[in-house]
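Report on the structure given below.
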Amino acid sequence: MIRLDVKKRLHGAKGDFVLKVELEVKEGDFLVVFGPSGSGKTTLLRMIAGLEKPDEGYIEVKGKVWFDFQKGINLPPQKRDVGFVFQDYALFPNMSVFENIAFGMKRRDKDKIMELLRMAGMEHLANRNPTSLSGGQKQRVALLRALAREPSILLLDEPLSALDHQTAQVLREEIKNFHKNYGITVIMVSHDKEDAFKLANRVVYLLEGKVLAEGTPKEVLFSRRSSPKFSLNAILLEKTYTDVVCVLTLAIGSELVQVVVDKDTAEELSVGDTVLVSAKAFVPVVRKIHSPHLKT
Ligand SMILES: Nc1ncnc2c1ncn2[C@@H]1O[C@H](COP(=O)(O)OP(=O)(O)OP(=O)(O)O)[C@@H](O)[C@H]1O
């Protein structure tokens, strides 16, 4: 069980705000902390890992106090039993894949490293230098390095966000399997609803430092507050006015779409804005374009 209640004043893009989170995470949970950029997600993970100090509060993991402001307890990162995977891999470029995974293991165990590499289909890359690997392979090594420590908690900070859509899909499945096989407690930060939906058994929705909603992925992601019947976040790339309407070109994930809006709506939007595209009632046409399930 992880129990935390932390507070920290942050300098946000639009001014100062207080990150205030009270949470309990059960053993074996896969918690996704979901929310827009700048809401304090990474800072929360860094506070758990000991890389950032809360202004107030406490953090307790498996009955052991890692931080207690009142009692003046603040364990250094190396004494906290966490595996941390960063968005940008953070591998040691001068060490082989094998050495990267061995680094930080409580007891260097060659068989265990090779078993992890085998599980990820990367045995043949053991002696390679990380600089010669693809983004997906680097992130796999970072994940194996974190798992090799057999930590009490695995902290994942947007581990898929630097990868292309297809590689991210494959790695998302692997993370899911690692969690299933090892039963490890995972806290993952993401602004991607797909991560939250596919991986989490619990989701916390963080906005400007506050927990706005908490529950199962369905409860949080499909709540009326966060989504009507159908809604997608998009970036506005271009506005093209005709006589009576305006055509907006939008990027939704890696897809481009065009939607028509009236001129008044268009006037309120600027290129580069993040917008919500939603429809309360619609009859969609759904067609399969790809299946991950092999036919036998
Ligand atoms: N130690 C700190 N002291 C004060 N402000 C900070 C500190 N660390 C981060 N911030 C600010 O707090 C805000 C939230 O940052 P954080 O990285 O935690 O958000 P996030 O939700 O993870 O965003 P993103 O998805 O973009 O990474 C940012 O504006 C950042 O500049």
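Side chains included, hydrogens not; waters and symmetry mates left out as well; all remaining heavy atoms used. Indexing begins at 1, ligand by ligand and atom by atom, following the structure's order.
Below 4.0 Å from some heavy atom of Pro36 lie the following atoms of ligand 1, by number and element: 21 (O). Within ligand 1, counting atoms from 1 as listed, the ones closer than 4.0 Å to a heavy atom of Thr43 are 8 (N), 9 (C), 15 (O), 16 (P), 18 (O). Those atoms of ligand 1 that come under 4.0 Å of a heavy atom in Glu158, given as number and element, are 25 (O). Every atom of ligand 1 with a heavy atom of Glu52 under 4.0 Å away is listed here by number and element: 1 (N), 2 (C). The Ser39 neighbourhood of ligand 1 comprises atoms 19 (O), 20 (P), 21 (O), with distances under 4.0 Å to a heavy atom of that residue.
The single protein non-hydrogen atom nearest to atom 19 (O) of ligand 1 is Gly40 N, 3.2 Å, given as residue, atom name and distance. For atom 30 (C) of ligand 1, the closest non-hydrogen atom on the protein side is His11 O, 3.8 Å. Nearest to atom 25 (O) of ligand 1 among the protein's heavy atoms is Lys41 NZ, 3.1 Å. Looking from atom 7 (C) of ligand 1 to the surrounding protein, the closest heavy atom is Leu10 CD2, 3.7 Å. Looking only at heavy atoms of the protein, atom 26 (O) of ligand 1 is closest to Ser37 OG, 2.5 Å. Distance from atom 17 (O) of ligand 1 to its nearest protein heavy atom, with residue and atom name: Thr42 CB, 3.5 Å.
Note: Phe84 and Phe86 have parallel aromatic rings, judged against thresholds of 30 and 60 degrees for the angle between ring planes.
A salt bridge links Arg108 with Glu99: the closest approach of a Lys/Arg side-chain nitrogen to an acidic carboxylate oxygen falls below 4.0 angstrom. The pair Lys62-Glu27 meets the salt-bridge criterion, since a charged nitrogen lies less than 4.0 angstrom from a carboxylate oxygen.
Checking side-chain atoms of Lys193 against main-chain N and O of Leu221 turns up no donor-acceptor pair under 3.5 Å. Asn129 contributes a side-chain N or O that, together with a main-chain N or O of Thr131, makes up a donor-acceptor pair within less than 3.5 Å. Side-chain atoms of Arg80 come within 3.5 Å of backbone atoms of Trp66 as a donor-acceptor pair (strictly under, hydrogens ignored).
Under a 4.0 angstrom heavy-atom cut-off, Arg46 registers as lying outside contact with ligand 1. In this structure, His191 does not count as a contact residue of ligand 1, since none of its heavy atoms falls inside 4.0 Å of the ligand. Put simply, no part of Gly35 is less than 4.0 Å from ligand 1, judged by heavy atoms.
With respect to Lys176, the side-chain contact (heavy atoms from CB on, under 4.5 Å) criterion is satisfied by exactly one of Asn181, Leu199, Val186: Leu199.
When Gly12, Gly38, Ser190 are checked for heavy-atom proximity to atom 20 (P) of ligand 1, Gly38 turns out nearest.
Considering only heavy atoms from C-beta on, Pro36 comes within 4.5 Å of Tyr205 through its side chain. Between Lys239 and Val247, the closest side-chain pair of non-hydrogen atoms is not below 4.5 Å.
The closest side-chain donor-acceptor pair between Ser190 and Asp192, if any, does not fall under 3.5 angstrom.
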